[in-house]
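For reference, the structure is listed below as structure tokens.
Every heavy atom of this structure was used, including side-chain atoms; hydrogens, water molecules and symmetry mates were not. A, B, ... follow the sequence lines: proteins, then strands. Residue 1 opens every chain.
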Amino acid sequence: MAVLHVTKDEFETEVLQAKKPVLVDFFADWCGPCQMVAPLVEQLAAETESVGVVKVNIDEEPELAQQYKVTSIPTFMLFKNGEAVKTEIGALPKAELQKLIAE
Amino acid sequence: MYDLIIVGAGTAGLTAAIYGQRAGKHVLLLEEGIYGGQIINSPEIENYPGISKVSGYQFAMNLYEQAASFGAKLETGKVIGLQLLDGKKQVKTQEAVYECGAVILATGAKKRRLGLDREDALIGRGISYCAACDGAFYKGKTVAVVGGGNTALEDADYLSNACDRVYLLHRREAFRGDDSLLQRVKKRENVTILTSTVVEGLLGGEQLEQLQIKNTVTGERKTLELNGLFVAIGQQPENEAFRDLLALDKEGYVIASEDCKTNVPWIFAAGDCRTKPLRQLTTAAADGAVAALAACEYLNA
């Protein structure tokens, strides 16, 4: 299953108003570490029911990146009830991604 | 039990895995983060023999898949020590203990930190060690670059294209980097060069907002308002966990010559983590081959 790419307009419904927690992967196509971690994010999305996983392309959605003060990619942000509750910066191995969404 | 455990899955480690597996050894790679090493941050590699152009990401993926195709195993784990216990050679991670016949350290090097309070907490929140990776986020903003070598000069030059203002801070009076590069930076109207200047403090809340700097000649202190700080003061190895066993030089690199042999017969060192004059992709790959075959020779003896 491909991970949903969300735009600024979709962010409200897909992330902020989502019923379950959502992990957002802020990335860009030119970013090597983002590409390295992309398959792991896909795997995580396919294996996880309790948490949604979406991606935000920071070149296409600079306002979202700015709003959430993303200044390095990949940045992973876990949203719960409309708020960013956890942030991890950098390409994480899968176990770390799992830890980020666990609770 | 593995014949050979390789610590670090960058270019040196993955190359060693290919050579180890092809020599008939059972190889495990232990990597604390994501495999690929430093090269994954390079947008384009143009100096690897036989490949005219490839992205760092593609290079790393190819190398990993090549190692995996020969049967090398990869596990995630931060190695916290090596030991010889009752004749058993052991590699300890935070979660497990592995036994093996020989070890290749390919722990690489990371960007040197300033060593200031809150530095780690502000990474990605105003502090960056890679202008090419993160520079785009500071378009129209004020940033500072710390360092006196070519990387610092290149970063200042690169950032001056997108940023409103760039401060270049260097602790000495003279720059170590190329003069031609320095002249180019000096011509940039939005670059302010402050020499004999050290960073003493990082101020801000969740994001970096100010730097506390000091002029080492006059003793004058002041604060700089800024959005981003790019640290370009070289690299440092990560071998402290092996200090009780291995001879390290004063900077922390494993003392090993071109044969990749260390002072411990069953431990080898490959790539950026060892003492060497040139740290490049090709020399990392070369070390991987040399260390793997030296380790095989040791295992076969």
Side-chain angles (χ1 to χ4, degrees), chain A residues 8 23-45 47 55-79 83-102, chain B residues 9 30-45 54-61 63-65 74-78 93-95 110 120-141 143 204-209 227-230:
Chain A
K8 180 171 161 282
L23 181 70
V24 181
D25 170 11
F26 290 92
F27 79 104
D29 291 331
W30 47 264
C31 156
C34 302
Q35 290 171 293
M36 297 296 293
V37 82
L40 306 180
V41 174
E42 301 265 329
Q43 285 172 24
L44 192 75
E47 293 162 6
K55 296 179 74 145
V56 171
N57 184 322
I58 56 104
D59 287 329
E60 288 163 12
E61 308 297 336
E63 287 174 40
L64 278 178
Q66 213 167 6
Q67 187 180 344
Y68 290 101
K69 299 194 164 78
V70 174
T71 55
S72 182
I73 46 172
T75 286
F76 295 95
M77 250 179 234
L78 185 70
F79 284 80
E83 268 182 63
V85 293
K86 276 195 218 169
T87 304
E88 285 285 346
I89 293 155
L92 303 175
K94 195 167 168 195
E96 295 290 319
L97 286 174
Q98 285 166 329
K99 221 184 275 175
L100 182 61
I101 61 167
Chain B
L30 289 172
E31 167 60 54
E32 64 170 313
I34 201 149
Y35 58 80
Q38 296 170 65
I39 199 63
I40 67 171
N41 289 307
S42 294
E44 207 156 70
I45 300 161
V54 64
S55 70
Y57 154 73
Q58 199 56 57
F59 179 85
M61 287 302 276
L63 188 53
Y64 168 71
E65 279 161 19
L74 174 77
E75 283 188 28
T76 303
K78 183 175 172 58
T93 67
Q94 276 159 343
E95 289 86 23
K110 66 172 186 176
D120 283 345
L122 290 167
I123 295 173
R125 296 175 176 88
I127 293 187
S128 171
Y129 300 85
C130 179
C133 314
D134 301 332
F137 293 104
Y138 295 91
K139 199 175 166 193
K141 304 266 172 78
V143 301
E206 251 182 67
Q207 300 275 323
L208 178 69
E209 289 159 17
N227 307 102
L229 174 67
F230 290 85

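Of the listed residues (V37(A), I89(A), T71(A)), the greatest number of heavy-atom pairs within a distance under 4.5 Å of chain B belongs to T71(A). In terms of heavy-atom pairs under 4.5 Å with chain A, the best-connected choice from C130(B), G56(B), C133(B) is C133(B). Heavy-atom pairs under 4.5 Å with chain B were tallied for C31(A), G32(A), A28(A); the largest tally goes to G32(A).
Neither the backbone nor the side chain of S55(B) has a heavy atom closer than 4.5 Å to any heavy atom of chain A. Of the atoms belonging to A91(A), heavy atoms from both backbone and side chain fall under 4.5 Å from chain B. For a residue to count as touching a neighbouring chain, one of its non-hydrogen atoms must lie under 4.5 Å from one of that chain's; by this rule I58(A) touches chain B with the side chain only. With a 4.5 angstrom heavy-atom cutoff, Y138(B) touches chain A only via side-chain atoms. Of the two parts of E96(A), neither the backbone nor the side chain holds a non-hydrogen atom closer than 4.5 Å to a non-hydrogen atom of chain B. Residue contact with chain A, scored on non-hydrogen atoms closer than 4.5 Å, involves the side chain of K141(B) exclusively. Only the backbone of I123(B) comes within contact range of chain A, judged by heavy atoms closer than 4.5 Å.
Annotation for E83(A): atom CD does not count as buried by contact number, only 12 or fewer foreign heavy atoms lying within 6.0 Å. Within 6.0 Å of atom CD in E47(A), more than 12 heavy atoms from other residues, nucleotides or ligands are found, so the atom counts as buried in its surroundings.
Nearest heavy atom pair, residue P93(A) against residue E32(B), reads CG-O, 3.7 Å. Nearest heavy atoms, G124(B) versus S72(A): CA-CB, 3.8 Å. Smallest separation of non-hydrogen atoms from F137(B) and V70(A): CD2-O, 3.1 Å.
Applying the side chain to side chain donor-acceptor pair (under 3.5 Å) test to pairs two or more places apart or on separate chains, those with a residue in residues 26-41 of chain A are W30(A)-D59(A).
Residues K69(A) and E206(B) are not in side-chain contact: their nearest non-hydrogen atoms beyond the backbone lie 4.5 Å or more apart.
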